[in-house]
2 protein chains.
Amino acid sequence: MAGEDTHYQDLERSNGLHDSTFSNGHAHSPVAVNGEDTPFVHKVGIPPRTTILRGFEDTLKETFFPDDSLRQLKNEPRRLKLLLALKYIFPIFEWGSKYKLKTFQGDLVSGLTIASLCIPQDIAYAELANLPPVYGLYCSFVPPLVYSFLGSSRDIAIGPVAVVSILLGTLLRNEVDPKEDAELYLKLAITSTFFTGVFQAGLGLLRLGFIIDFLSHAAIVGFMAGAAVTIGLQQLKGFFGITNFTTKTDFISVMRSVWRNTDQWNWHTIVIGLFFLSYLLIAKYISKKKPRLFLVAATAPLISVMLATAFVKVTRADKHGVQVVKSIHKGINPSSVNLFLFSGPYAAKAVEIGLVTALVALTEAIAIGRTFAALKDYHLDGNKELIALGIMNIAGSCSSCFVSTGSFSRSAVNFAAGCNTAVSNIVMSTAVMVTLLALTPLFYYTPDCILSVIIISAVINLVDLRAAHLIWKIDKGDFLACLGAFLGVFFVSVEIGLLIAVSISVAKILLHITRPHTAILGKIPGTNVYRNLQQYPDAATIPGIIIIRIDAAIYFSNSNYIRDRILRWVDDEEEKIVASKGVPLRYTILEMSPVMSIDTTGIHALEDLQNALTKKNLQLALANPNGGVIEKLERAKFIEIIGEEWFFLTVGEAVQVCSRLDRTNC
Amino acid sequence: MAGEDTHYQDLERSNGLHDSTFSNGHAHSPVAVNGEDTPFVHKVGIPPRTTILRGFEDTLKETFFPDDSLRQLKNEPRRLKLLLALKYIFPIFEWGSKYKLKTFQGDLVSGLTIASLCIPQDIAYAELANLPPVYGLYCSFVPPLVYSFLGSSRDIAIGPVAVVSILLGTLLRNEVDPKEDAELYLKLAITSTFFTGVFQAGLGLLRLGFIIDFLSHAAIVGFMAGAAVTIGLQQLKGFFGITNFTTKTDFISVMRSVWRNTDQWNWHTIVIGLFFLSYLLIAKYISKKKPRLFLVAATAPLISVMLATAFVKVTRADKHGVQVVKSIHKGINPSSVNLFLFSGPYAAKAVEIGLVTALVALTEAIAIGRTFAALKDYHLDGNKELIALGIMNIAGSCSSCFVSTGSFSRSAVNFAAGCNTAVSNIVMSTAVMVTLLALTPLFYYTPDCILSVIIISAVINLVDLRAAHLIWKIDKGDFLACLGAFLGVFFVSVEIGLLIAVSISVAKILLHITRPHTAILGKIPGTNVYRNLQQYPDAATIPGIIIIRIDAAIYFSNSNYIRDRILRWVDDEEEKIVASKGVPLRYTILEMSPVMSIDTTGIHALEDLQNALTKKNLQLALANPNGGVIEKLERAKFIEIIGEEWFFLTVGEAVQVCSRLDRTNC
């Protein structure tokens with residue numbers, strides 16, 4: 001702020017009477033503030049008036065079309081517009097037209113890789129949602145196909161993901177016990193998935209995608225870590241082969257049911273588990289060290305499933321209490337439209353659950369989309385993505401799928417495996433289809449513990465300690481949100497953690513607005529620039545003048561505080577001056593640059609301030625009020641109240657005028 | 001913003017190589033940014049590190065003790081401290097010590113005046129709370145006494161007020177029907193009053209007074225108007241003498257029960273009502289025109305009560321269906337401690353009701369206090385006031401009073417009548433005491449319609465059309481909140497109106513933060529100052545450089561938008577340049593002055609932005625990042641990422657360096 005221009009010679013030249021200084025204003029300026037022609041005092045401009053409608057229109061546009069997503073359509077011939085619109089709605093036509101064999105190679109490899117990764121994960125994640133294994137596979141067949149036609153991300157890998165699955169699982173279990181009434185549970189799951197899709201598509205259509213921005217980075221880091229740990233803990237069931245395990249997800253209950261059921265621990269299971277867990281972790285480690293060996297980690301899950309299955313089949317370890325998957329229903333997704341619960345007590349619940357899962361699923365998908373789009377430098381229209389994901393889940397809910405979204409781990413592998421387009425998703429879903437049609441019997445002897453260790457090794461990456469540490473270093477408030485989210489998930493439940501995270505984040509903003517920062521400015525030696533004394537210790541104050549910067553928009557929530565704070569600055573300053581027998585204060589200059597807007601309550605506060613200062617006979621001057629603010633001050637007649645000659649373009653000019661006045665007054 | 005300093009001669013002098021320009025930094029600067037000794041490029045300072053604890057402490061202080069209320073106590077001897085503390089807790093000792101007979105005269109007159117005004121109002125307002133008339137009088141006896149010892153406002157007149165009474169009335173009636181179970185209703189009312197007091201005192205003790213700031217001026221205007229109209233409508237019952245009237249408060253139901261019960265209209269009542277209503281309004285009008293005749297309006301209610309009562313007693317109009325007050329219980333406030341409902345289903349309800357009424361009552365009281373404190377130029381400690389009001393209501397709830405607070409109308413009269421201290425409240429409550437002890441029988445024949453017209457004439461002022469119009473002129477968003485509050489109260493109910501008002505206000509802030517303003521800056525001719533092109537149409541852009549100002553703190557809720565918006569500005573600019581075959585863009589300068597803070601999500605957005613710009617090979621430069629921001633950017637290593645030589649004190653300097661580089665590159 002404090003934009004200044006020191007034409008000292010001018011200062012000397014026009015070092016005359018004050019009144020003569022503020023004479024005629026320039027014609028082109030709506031209100032001629034300090035309108036004099038000596039170049040060193042400039043007018044505060046008022047932006048051209050816009051009609052209410054126009055202003056309203058702009059606000060709408062900025063709010064709902066911030067990315068100006070249809071810009072490509074403007075100034076194009078009508079027929080081309082149609083084609084472009086079609087391509088806009090179905091991106092597959094966009095890249096499909098220029099699709100080459102070369103591109104397909106990459107997609108084939110990556111598609112098969114993520115297929116090998118997703119099949120075991122799917123079976124395992126279905127477990128997290130308290131559904132039979134086959135439903136996981138269903139989710140990797142229909143949704144990816146639908147997305148590949150509508151979605152604009154080229155690298156995202158669609159399917160069920162751990163966090164969303166467990167979130168859905170907990171929320172559903174709060175309503176229906178999957179063991180007691182499996183059918184009702186399934187119905188509720190399908191219906192919730194439907195509403196998830198509806199909410200996602202709805203948010204996209206209404207251009208409300210920005211809602212997910214209210215989940216801050218910090219909150220997500222904390223939530224993900226918490227979810228990962230919770231999921232990991234859940235796996236102790238399969239890992240120890242415990243049969244009757246708690247249905248709660250919080251740390252305490254899980255630990256209790258692990259230690260209370262030591263009698264159920266099955267050593268065969270534990271040994272198998274430990275062996276393959278170490279294999280998976282080592283594979284992960286290798287790929288991390290040597291990224292081109294990504295296949296080592298990517299294929300590890302499938303390999304361990306095959307080995308473990310073979311091992312159990314041969315040794316019949318299942319006879320020794322090693323629990324196995326048993327038969328997985330054969331055949332592709334059956335229709336589930338007859339399962340929807342659109343009436344009755346559970347419909348409302350389904351809507352609630354749908355909303356929560358929709359938001360969490362979105363944050364994950366959008367985050368992935370943005371990350372890889374940035375890496376490959378292509379643009380993603382957030383709201384369009386929402387629609388794609390929404391339709392995908394609606395289609396899914398009609399074909400026996402639960403909520404699917406973009407998976408961090410598989411998308412990363414997809415990217416590493418050199419995918420080029422959404423075709424990799426098509427390849428993957430084809431592979432899954434084949435599995436569903438022919439290969440499910442092979443999983444009969446797959447031990448549950450393998451699925452557990454696969455989940456464990458998959459979710460480990462979600463605990464991002466480095467990010468958490470960085471957050472701690474940068475912003476303690478954010479860290480609080482992060483920690484709150486983590487502890488909430490860890491000790492209570494997934495949805496509570498989420499709630500805590502969001503509330504802390506929003507509370508932080510509101511508090512920040514309610515108690516904005518203010519600073520005393522001083523002159524930086526050798527210049528005419530005025531800056532915060534704390535930031536620039538060698539800046540010097542001007543005798544008889546106090547310069548205060550307000551670092552926030554002045555809203556009803558902070559206007560009283562700001563008024564009182566400014567008066568306190570003035571009081572403190574006057575005390576100091578009395579103590580040091582310095583020059584008494586004559587002017588209070590408010591640096592308004594950071595005040596990007598003001599509301600009616602704020603203007604009232606300014607009026608109060610002006611009165612209070614006049615009582616102390618201090619002159620108030622405003623430096624560089626910005627467009628929106630000066631406009632409102634004018635409408636509120638505040639400019640007339642303090643006199644337009646007390647509005648300045650820069651603090652520097654305000655100071656020059658004030659000190660010049662003092663001199664003339666002496 | 002855009003602080004600049006044009007030493008062109010310096011520019012010429014050091015117009016050498018770039019590398020030589022950014023050499024040694026100054027010792028006293030934590031990080032030496034563009035650390036060269038030529039005076040025209042200055043370093044961006046980083047404020048001295050503070051410990052976490054210290055920063056935390058400061059935040060707490062600013063949040064909870066913004067008015068630094070105990071400053072008077074610092075550097076005083078210990079014994080004096082105690083005395084000052086005592087005076088701080090009981091302001092009466094403060095002014096009591098220097099209380100003179102002269103001061104008493106003013107207090108006596110004003111005290112008697114507000115007494116004459118409050119007695120009829122009390123009886124009427126008790127009706128609004130669905131309680132027997134005498135409870136209104138109780139509220140003007142104990143609470144004012146308590147307040148006069150604890151409160152620091154000298155002009156506020158304590159007692160029951162229309163808006164709070166009707167709010168309490170509606171909330172209570174939602175739970176218990178006063179006709180069916182009068183005793184339970186009374187118990188609930190007393191208990192709610194108790195919790196109102198507890199919440200008020202609690203907020204004060206916890207220094208959370210700022211919560212009431214979340215009721216914006218606009219919201220209050222709308223709410224008050226709505227409440228006034230609602231109250232006025234309620235009076236149609238007494239005005240027309242209708243016996244069975246709706247218990248709802250919304251416009252539709254009230255109007256319906258007025259027109260459906262025309263058979264119950266009583267012409268005697270209506271005539272008396274019309275006569276005295278015109279008298280009251282004329283009296284009001286006179287006092288408004290000639291403020292020194294305030295007594296005309298102030299005494300009008302009591303006079304009309306006396307006349308009407310006499311008239312009814314003589315003509316026995318009550319025999320002709322004119323409803324009268326009938327006997328009012330004699331004697332001062334009985335104890336009500338045995339009425340508290342601290343257990344059972346209604347306790348929780350009482351807490352809820354207490355919270356809502358507490359906030360509304362506070363807003364009114366604090367608003368009054370601040371207004372008159374400003375007029376007489378003395379300071380009010382908001383949180384201390386809360387405690388005073390809270391204790392007052394707790395005491396009230398123990399002595400059969402319902403919620404009391406400061407009354408706009410009576411405080412104004414009190415001020416006009418020349419009150420000097422809270423003694424006027426003592427005088428008033430003494431007068432009320434006398435009334436309770438001896439004069440209640442006189443009100444036997446007082447017709448209800450008089451009370452109705454007194455209320456009508458009292459609440460009329462709460463409809464502040466001028467304020468509403470001003471709000472419309474200044475800020476359409478605020479007007480929306482105002483209108484929402486009004487319509488909510490008018491068509492639904494008092495509490496819904498309140499809810500709407502608060503939500504709109506907060507939503508407005510959040511939206512504002514989610515979609516902050518950004519602007520393109522240009523050079524103001526003849527200076528080196530850079531300002532918004534829309535605000536200063538004659539400002540000129542610099543070829544090859546785009547200067548963007550971000551008008552908000554960068555938070556998780558807006559960081560994605562800001563990043564995309566900036567990139568959009570750049571794209572638009574490049575399109576223009578291509579069209580006009582101008583100098584291609586080389587530099588993007590971000591004016592950071594208004595960015596008063598940034599969080600981790602925001603920093604990530606800046607990193608994304610930096611990557612995106614590098615891809616377009618544009619150099620990013622930051623001008624005048626403020627203390628908190630630069631600190632976080634440093635911790636996040638962002639300074640290293642874009643290179644510290646790209647941080648500038650002012651846009652002007654940034655532009656000079658960039659254009660100089662271009663020249664050297666050519």
Side-chain angles (χ1 to χ4, degrees), chain A residues 1-6 39 42 45 47 52 62-63 66-68 210 213-214 216-218 374 377 471 473-476 478 505 509 513-515 517 526-529 532 534-536 551-552 555-557 560-561 564-565 568 593-594 596 599-601 604 608 611 615 627 632 635-636 649-650, chain B residues 1-6 39 45 47 52 62-63 66-68 210 213-214 216-218 374 377 471 473-476 478 505 509 513-515 517 524 526-529 532 534-536 551-552 555-557 560-561 564-565 568 593-594 596 599-601 604 608 611 615 627 632 635-636 649-650:
Chain A
M1 55 246 80
E4 296 78 359
D5 210 354
T6 48
H42 302 89
I52 298 168
E62 281 308 317
T63 310
D67 48 4
D68 191 10
F210 64 81
D213 289 345
F214 277 91
S216 68
H217 168 72
D377 191 25
I471 294 170
K473 252 174 56 202
I474 298 173
D475 189 326
K476 305 290 176 281
D478 276 3
S505 311
I509 288 192
I513 295 163
T514 319
R515 292 286 179 260
H517 181 253
T527 77
N528 199 6
V529 178
N532 181 354
Q534 288 177 328
Q535 189 178 356
Y536 299 89
D551 282 350
Y555 286 126
F556 60 87
S557 63
N560 287 319
Y561 168 76
D564 298 348
R565 193 68 185 82
R568 208 170 104 214
S593 307
M596 77 289 297
D599 69 359
T600 44
T601 322
H604 283 286
D608 299 352
N611 297 334
K615 286 223 176 62
K632 286 182 180 170
R635 296 213 203 108
L649 184 68
T650 67
Chain B
M1 54 246 85
E4 298 75 0
D5 210 352
T6 47
I52 299 166
E62 280 309 317
T63 310
D67 48 6
D68 192 11
F210 64 80
D213 289 346
F214 276 93
S216 68
H217 168 72
D377 191 24
I471 293 170
K473 253 174 55 201
I474 299 174
D475 190 324
K476 306 288 177 280
D478 276 4
S505 311
I509 288 193
I513 296 166
T514 320
R515 292 285 178 262
H517 181 252
I524 291 189
T527 76
N528 198 7
V529 178
N532 181 353
Q534 288 175 329
Q535 188 179 358
Y536 299 87
D551 281 352
Y555 287 125
F556 61 87
S557 63
N560 287 321
Y561 167 76
D564 298 347
R565 193 67 186 82
R568 207 171 104 214
S593 306
M596 76 290 295
D599 69 359
T600 42
T601 322
H604 282 286
D608 298 352
N611 297 336
K615 287 223 174 60
K632 287 182 179 167
R635 296 214 203 108
L649 184 68
T650 67

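- Of the two parts of S557(B), the backbone and the side chain both hold a non-hydrogen atom closer than 4.5 Å to a non-hydrogen atom of chain A.
- At a 4.5 Å heavy-atom cutoff, the contact between H604(B) and chain A is made by side-chain atoms alone.
- Contact count versus chain A (heavy atoms, under 4.5 Å) is highest, among T514(B), D475(B), N560(B), for N560(B).
- Using a 4.5 Å cut-off between heavy atoms, K615(B) contacts chain A through its side chain alone, with no backbone atom that close.
- Counting all heavy atoms, side chain and backbone alike, M596(B) lies closest to M596(A) at CE-CE, 3.9 Å.
- Qualifying side-chain hydrogen bond (donor to acceptor under 3.5 Å, both in side chains) partners for D478(B), counting only residues two or more places apart in sequence or in other chains: T600(A), K508(B).
- Every residue was checked against the side-chain hydrogen bond (donor to acceptor under 3.5 Å, both in side chains) condition with T601(B), not counting sequence neighbours, and none meets it.
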